[in-house]
Amino acid sequence: MKRPPLPLRALAAFEAAARLESFRAAAEELALTPSAVSHQIRILEARLGLRLFNRVGRGVVLSPDGAELFGRISGSFDALAEAVEAAARRGRRARRPEVVVLRTPPSLAGNWLLPRLPVFLAGHPEIDIRVHADLRLATEGGGRAEAEGGVDLAIWYGDHAPAAAVPLLAETIQPLCAPSLAARGLGGPRDLLALPLIVTRDNRVSWEGWFRRQGVALDDGFAGTLQLDPSHVAIEAAVKGLGVVLESDALTGDALRAGRLVAPFPGLGVSWTAYWLDIAPGAMRRASVGAVRAWLLESAVRPASD
């Protein structure tokens, strides 16, 4: 038996207006104008020979005939929505995700990249980001991102970036400590000499260099240092109150915003462009690589919680 054609556009407009109890809200959901929704409902009323809505003030309510029709079709629309979503899930599983390989210094991966990664992955299930945390990107020179084979993007630290890399993150290196240490009363840079100073091997600014900038000599009052590498280990030690670390706000931004670390002398930091982003020439035309690159550059200008 041949099924008569259904007025699907008109039924969709009616179902949305009935469920939301508003032509305007239905129009917003369906990306239509309120007049277009009203027009579709008039088409349906003309076909059925029934009034489906009654106007009350500036709004509308279902008529008895409209309420009966809505009760009979609303479950069907829910079933249709679930069927379409189930098919879409099967389609997403059937598509092989695009693999994008990103190399980055370990501390940047742990302290800056990972807090931001879940939001990107949720919005881009079609992209499989594989992060290689590589200390050489912070300590050695090297060629383009593809030199290691299969690498699409690379984040470089300091002076080691290839000439074609673009600026990603600036940093300010300054003394940072747990609030409990700052509460001891630090009147000036010399007061830091009475506290354990956490040292990391590859920082661009040493404690000796920082004190020299402040006109402070490391005299007999110096409490000594605690060597911890890499930077994310040193930062965690500072959070736990083991000492004062001379570190980058690019790596400690989340801890500073959360109050786990404080900067006792915020005006005495040293700033520069520290991290650079390089793309392998062979990956430039891949949309997935371009999406990750654009996300990294955008993430560099806003905190992880945005």
Original post:
For atom CZ of R9, is the number of surrounding heavy atoms from other residues, nucleotides or ligands below 6.0 Å larger than 12?
Top reply: no

Original post:
Are V166 and I279 linked, directly or through other ILVMFWY residues, by side chains that come within less than 4.5 angstrom of each other?
Top reply: yes

Original post:
Roughly how far apart are T252 OG1 and R260 CZ, rounded to 0.5 Å?
Top reply: 10.0 Å

**OP:** Check the hydrophobic clustering (I, L, V, M, F, W, Y; side-chain heavy atoms under 4.5 Å; chains of links allowed) and say if L52 and I43 are grouped together.
**Re:** no

**OP:** Indicate whether the side chain of S288 and that of E126 have a donor and an acceptor atom separated by less than 3.5 Å.
**Re:** no

Original post:
Are L246 and F211 close enough, and set up right, to give a side-chain contact (heavy atoms from CB on, under 4.5 Å), and what steps lead you there?
Top reply: CA-CA 11 Å; L246 190 62; F211 278 118; over 6 Å; no

Subject >> Pairwise distance CD1(I129) to CG(L296) - rounded to 0.5 angstrom >> reply: 7.0 Å

Subject >> Any pair counted as side chain to side chain donor-acceptor pair (under 3.5 Å), so long as it reaches residues 25-38, sequence neighbours left out >> reply: R19-E29, T33-S35, S38-R42

**OP:** For the pair D65 (side chain) and L50 (backbone), establish whether a donor and an acceptor sit closer than 3.5 Å, ignoring hydrogens and angles.
**Re:** no

Original post:
Under a 4.5 Å side-chain heavy-atom rule over Ile, Leu, Val, Met, Phe, Trp and Tyr, are L197 and L226 clustered together?
Top reply: yes

Original post:
For the residue pair W210 and W207, does the interplanar ring angle fall in the parallel (under 30°), tilted (30 to 60°) or perpendicular (over 60°) class?
Top reply: perpendicular

Original post:
Crowded around Q214 CD? As in, over 12 foreign heavy atoms under 6.0 Å?
Top reply: yes

Subject >> Co-members of the apolar cluster containing V56 [side chain, <4.5 Å] >> reply: V61

Original post:
Looking only at heavy atoms, which two atoms of L102 and A154 are closest? And how far apart?
Top reply: CD1-N, 4.3 Å

**OP:** Please name the pair of heavy atoms, one in P230 and one in S107, separated by the smallest distance, quoted to 0.1 Å.
**Re:** CB-OG, 3.8 Å

**OP:** Kindly compute the distance separating CG (D152) from CZ (R103), expressed to the nearest 0.5 Å.
**Re:** 11.5 Å

**OP:** Return the set of residues passing salt bridge (Lys or Arg N to Asp or Glu O under 4.0 Å) with R130 (not counting sequence neighbours), or none when no residue passes.
**Re:** D128

Original post:
With side chains defined as the heavy atoms from C-beta onward, is the minimum distance between D254 and N111 less than 4.5 Å?
Top reply: no

Original post:
With a 4.5 Å heavy-atom cut-off, do V270 and W272 have their side chains touching?
Top reply: yes

Subject >> A250 versus Y275, closest heavy-atom pair with distance >> reply: CB-CE1, 4.2 Å

**OP:** Specify the closest pair of heavy atoms between G269 and Q174, including all atoms of both residues, with the distance to one decimal.
**Re:** CA-CB, 3.9 Å

Original post:
Nearest 0.5 Å, what's the CD-CG distance between E15 and L30?
Top reply: 8.5 Å

**OP:** State the CG-CG distance between L168 and L108, to the nearest 0.5 angstrom.
**Re:** 7.5 Å

Original post:
Going through the checks in order, is the side-chain contact (heavy atoms from CB on, under 4.5 Å) test met by T200 and V233?
Top reply: CA-CA 9 Å; T200 52; V233 177; over 6 Å; no

Original post:
Does one hydrophobic cluster hold both V262 and V244, with members joined at side-chain heavy-atom distances below 4.5 Å?
Top reply: no

**OP:** Taking the side chain as every heavy atom from C-beta outward, state whether L176 and I235 have any atom pair closer than 4.5 Å.
**Re:** no

Subject >> Nearest non-hydrogen partners of L251 and S231, listed with the distance >> reply: CD1-CB, 3.9 Å

**OP:** On the 0 to 90° scale, with breaks at 30° and 60°, tag the F14-F70 ring pair as parallel, tilted or perpendicular.
**Re:** perpendicular

**OP:** Check whether any side-chain heavy atom of I155 lies under 4.5 Å from a side-chain heavy atom of P105, and answer yes or no.
**Re:** yes

Original post:
Mind checking what makes salt bridge (Lys or Arg N to Asp or Glu O under 4.0 Å) contact with E236, not counting sequence neighbours?
Top reply: K240

**OP:** Could you please spell out the steps behind the side-chain contact (heavy atoms from CB on, under 4.5 Å) verdict for F120 and E298?
**Re:** CA-CA 11 Å; F120 179 85; E298 181 184 356; over 6 Å; no

Original post:
Looking at side-chain heavy atoms only, is the closest gap between L186 and L195 below 4.5 Å?
Top reply: yes

Original post:
Who pairs with F265 by ring pair (Phe, Tyr, Trp, His ring centres under 6.0 Å), at least two apart in sequence or on another chain?
Top reply: none

Original post:
Residues in salt bridge (Lys or Arg N to Asp or Glu O under 4.0 Å) with D191, at least two apart?
Top reply: none

**OP:** Locate the shortest heavy-atom distance separating A17 from F53; write the atom from each residue and the value.
**Re:** CB-CZ, 3.9 Å

Original post:
Given side chains that start at C-beta, do those of R286 and V100 come closer than 4.5 Å, heavy atoms only?
Top reply: yes

Original post:
L277 and side chain to side chain contact (heavy atoms under 4.5 Å, CB included): which partner among T104, L297, L169?
Top reply: L297

Original post:
Less than 4.5 Å apart, any side-chain heavy atom of R190 and any of L193?
Top reply: yes

Original post:
Roughly how far, to the nearest 0.5 Å, is the CG atom of L80 from the CG atom of L8?
Top reply: 8.5 Å

